[in-house]
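The structure appears right after this line, and notes come after that.
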Amino acid sequence: DDPNYSKIFDDTLLGIAKNNDNIFSQLTSGGKKIQIFESIGKYINDNPSAFCKAVINKLIKFSFENFFDQKFDFYASIFEYLIKDYNSNSGGTDYAEYFTPNAVSRIIASCLINKNVKNVTCYDPSAGSGTLLMNLAHEIGENKCSIYSQDISQKSSSFLRLNLILNNLVHSIPNAIQGNTIKEPYHKENNKIKLFDFIVSNPPFKVDFSNYRNDLETKENRPRFFAGIPKIPPKDKKKMEIFLLFIQHIISSLSKNGKAAIVVPSGFLKSKSIGQIIRKYLIENKMLTGVISMPKNIFANTGTRVSIMFIDKESVNDDPIFLNATKLGTPIKEGDNEKTVLSLEEESLITSTFKKRLATENFSIKVSEAEIIKKKYSFSAGDYMFVKINYSEMTKTEFDKKIELSKQKIKKLNDDSKKLDTEINKNLEKINYDI
């Protein structure tokens, strides 16, 4: 009931943060420390003490035991709710576009990990709240991996830090960096890009990076951006395809046996210029494992069609597998937005087909290197799938009957057409010109 309760509340939070500075503070790429808590009262203009009391009154009823028992990516649904209307309230920022739904994250983790591994490094250069990394760590085992990340957003980095705490990955907090991966990659060894065992990423697709684009054209960056750096468009800078830089950065960050899964806009699968050079590189180096084309509206509030591209640095002997999962899922309405939701059975169908590398009619197909080259390095399943008709199920008698029916239909259409022509001509003759 102290009239200055908000100050007591804030001082307590700041004190806890300071006392645990070495454990829970997060670094920026510039070396600045961001503590786990900050003042809340300063954001409340009208009666901050009443607000802080209300927070405590809510929390006092909350079971923190159950909170920690839920563990794995507790914040995923909360974060998705918070950013649901982010685009419409942020002047067109495509933030929600690269928040990864849990279903997509589960599919990526399951398809990427096909055997028991331990003591591995996992990396996401555009980590967001860490949904992809949490699913990956959960699939591997939180005690068998170390997490590394970088993201330009302070808000996302704060969510990621909470996810690391909740998932017994506190030891990885020093590796979760806030900063610009493309401009200033933080994770290095011997002044070179650090190499990782597993990389997952849902990078931003189109962002204006014109203010530092020319700074990337250095001798040091040439191996990292081997396919090239997108030019600055003369009209709309917001459409600069920054995801092409992230793909190249990821390929350059894989260890000799490293594996990666990247969410890409489906347009990339057949694009020319830099996109085609990247795809050609993956095929020539036998690094492509496969591609899954996802249903539309699979993300929170963007209609951008996306696919998941899987890469294996260890030469892949098998032909890549392409899955067309665009017809799966159930559309649901969320306010003004339409979203596609995959059932657990559909998730299982995707992952089992991919991991077992099954060729299934109109759903999945394995494609040889020669076929991919012939199609100008297209990674689109639709370019290799054809509708098959099983004529063996039709007897000669049935076939002849269908042909006869078709002839009769055509004859009837011709007869009807002649009758219509006659009727039109009769009506035309009746038309007079009156002054």
Side-chain angles (χ1 to χ4, degrees), residues 104 107-108 110-112 114 198-203 205 223-228 230 241 243-254 256-296 304-328 349-388:
V104 178
I107 289 168
I108 286 175
S110 180
C111 291
L112 204 57
N114 53 18
F198 293 97
I199 303 178
V200 288
S201 182
N202 176 17
F205 294 162
R224 184 162 69 124
F225 302 129
F226 59 89
E241 296 179 320
F243 75 93
L244 294 170
L245 297 180
F246 275 99
I247 294 174
Q248 294 177 78
H249 172 78
I250 288 165
I251 293 170
S252 302
S253 300
L254 283 170
K256 64 178 182 179
N257 298 321
K259 296 174 175 59
I262 313 168
V263 178
V264 298
S266 291
F268 163 77
L269 305 181
K270 299 177 69 171
S271 63
K272 296 180 180 179
S273 190
I274 294 174
Q276 190 175 39
I277 295 171
I278 293 171
R279 297 195 307 275
K280 182 180 179 182
Y281 178 90
L282 293 174
I283 295 301
E284 287 181 342
N285 289 278
K286 300 187 184 299
M287 290 169 62
L288 183 71
T289 308
V291 177
I292 303 172
S293 296
M294 301 299 289
K296 67 176 182 178
T304 303
R305 287 188 178 273
V306 302
S307 298
I308 308 167
M309 182 170 67
F310 291 86
I311 298 170
D312 192 337
K313 189 76 175 287
E314 191 175 21
S315 290
V316 180
N317 296 318
D318 209 355
D319 292 333
I321 184 165
F322 297 150
L323 268 70
N324 180 10
T326 56
K327 303 298 182 186
L328 298 183
L349 172 65
I350 292 171
T351 54
S352 62
T353 302
F354 189 90
K355 293 173 85 168
K356 293 175 183 177
R357 309 187 67 73
L358 300 173
T360 310
E361 191 171 336
N362 297 327
F363 182 64
S364 60
I365 187 167
K366 292 171 73 174
V367 185
S368 69
E369 181 180 334
E371 288 178 282
I372 294 172
I373 294 171
K374 188 177 178 182
K375 291 286 185 179
K376 297 180 180 179
Y377 300 96
S378 169
F379 286 1
S380 174
D383 281 346
Y384 304 99
M385 288 183 180
F386 306 96
V387 177
K388 296 179 182 177

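Numbering starts at 1 and runs along the sequence shown.
Counted within 6.0 Å of NZ on Lys286, heavy atoms from surrounding residues, nucleotides or ligands total 12 or fewer; the atom is thus considered open. At most 12 heavy atoms of other shown residues, nucleotides or ligands fall within 6.0 angstrom of atom NZ in Lys280.
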| task | Take Leu288 and Phe322 through the test side chain to side chain contact (heavy atoms under 4.5 Å, CB included) and record every step on the way to the result. | result | CA-CA 10 Å; Leu288 183 71; Phe322 297 150; 3.8 Å; yes

Go through Arg357 and Asp318 one step at a time and tell me if the side chain to side chain contact (heavy atoms under 4.5 Å, CB included) criterion holds. CA-CA 9 Å; Arg357 309 187 67 73; Asp318 209 355; 3.0 Å; yes

**Study point:** Test side chain to side chain contact (heavy atoms under 4.5 Å, CB included) applied to Leu112 and Phe198, step by step
**Key:** CA-CA 8 Å; Leu112 204 57; Phe198 293 97; 4.1 Å; yes

Q | Steps toward side chain to side chain contact (heavy atoms under 4.5 Å, CB included) verdict (Phe354, Asn114) | A | CA-CA 11 Å; Phe354 189 90; Asn114 53 18; over 6 Å; no

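The two atoms that bring Gln248 and Phe225 nearest to each other are OE1-C, 3.0 Å, heavy atoms only. For the pair Gly228 and Leu245, the tightest heavy-atom approach, listed with the atom from each and the gap, is O-CD2, 4.0 Å. Residues Ala261 and Ile308 come closest through the heavy atom pair CB-CG2, 4.4 Å. Annotation for Met287 and Ile251: closest pair CE-CG2, 4.0 Å, computed over non-hydrogen atoms. Among all heavy-atom pairs drawn from Ser307 and Leu269, the shortest one is OG-CD1, 3.4 Å. Residue Arg279 comes nearest to Tyr377 through the heavy atom pair NE-O, 2.5 Å, listed as atom of the first residue, atom of the second, then distance.
To the nearest 0.5 Å, atom CD1 of residue Ile292 and atom OG1 of residue Thr326 are 12.5 Å apart. Within the model, atoms CD1 of Ile262 and OG of Ser201 stand 6.5 Å from one another, a figure rounded to the nearest 0.5 Å. Annotation: the span from Ile247 atom CD1 to Glu241 atom CD amounts to 9.5 Å, rounded to 0.5 Å. Of the inter-residue distances, the one linking Cys111 atom SG with Lys259 atom NZ reads 13.5 Å to the nearest 0.5 angstrom. To the nearest 0.5 angstrom, Phe268 atom CZ is 6.5 Å from Leu244 atom CG. To the nearest 0.5 Å, the span separating OG1 on Thr289 from CG on Asp312 amounts to 4.5 Å.
Between Phe243 and Phe205, the ring-plane angle classifies as perpendicular under the 30° and 60° cut-offs.
Under the rule for a side chain to side chain contact (heavy atoms under 4.5 Å, CB included), Lys374 has no partner lying at least two apart in sequence or in another chain. For Ser378, the side chain to side chain contact (heavy atoms under 4.5 Å, CB included) partners two or more places apart in sequence, or in a different chain, are Lys270, Lys375, Ser380, Asp383, Tyr384.
Ile311 is listed as a side-chain neighbour of Leu254, based on a closest heavy-atom distance under 4.5 Å. Contact annotation: the side chain of Thr351 never approaches that of Thr353 to less than 4.5 Å [non-hydrogen atoms, C-beta and beyond]. Between Asn202 and Phe246 there is no side-chain heavy-atom pair separated by less than 4.5 Å. Residues Ile107 and Met294 have side chains in contact (heavy-atom distance under 4.5 Å, counting atoms from C-beta outward). In this structure, Glu371 and Ser368 have side chains that are in contact, with non-hydrogen atoms separated by less than 4.5 Å. Side-chain atoms of Val291 and Pro320, non-hydrogen and from C-beta on, never get closer than 4.5 Å to each other.
Side-chain atoms of Ser293 and Arg305 form no donor-acceptor pair, as typed in the model, at a separation below 3.5 Å.
Applying the ring pair (Phe, Tyr, Trp, His ring centres under 6.0 Å) rule to pairs touching residues 277-296 yields Phe226-Tyr281, sequence neighbours excluded.
Ser252 places a side-chain N or O within donor-acceptor distance of the main-chain N or O of Arg224, the cut-off being under 3.5 Å. Without hydrogens or angle criteria, Gln276 side chain to Lys376 main chain gives a donor-acceptor distance under 3.5 Å.
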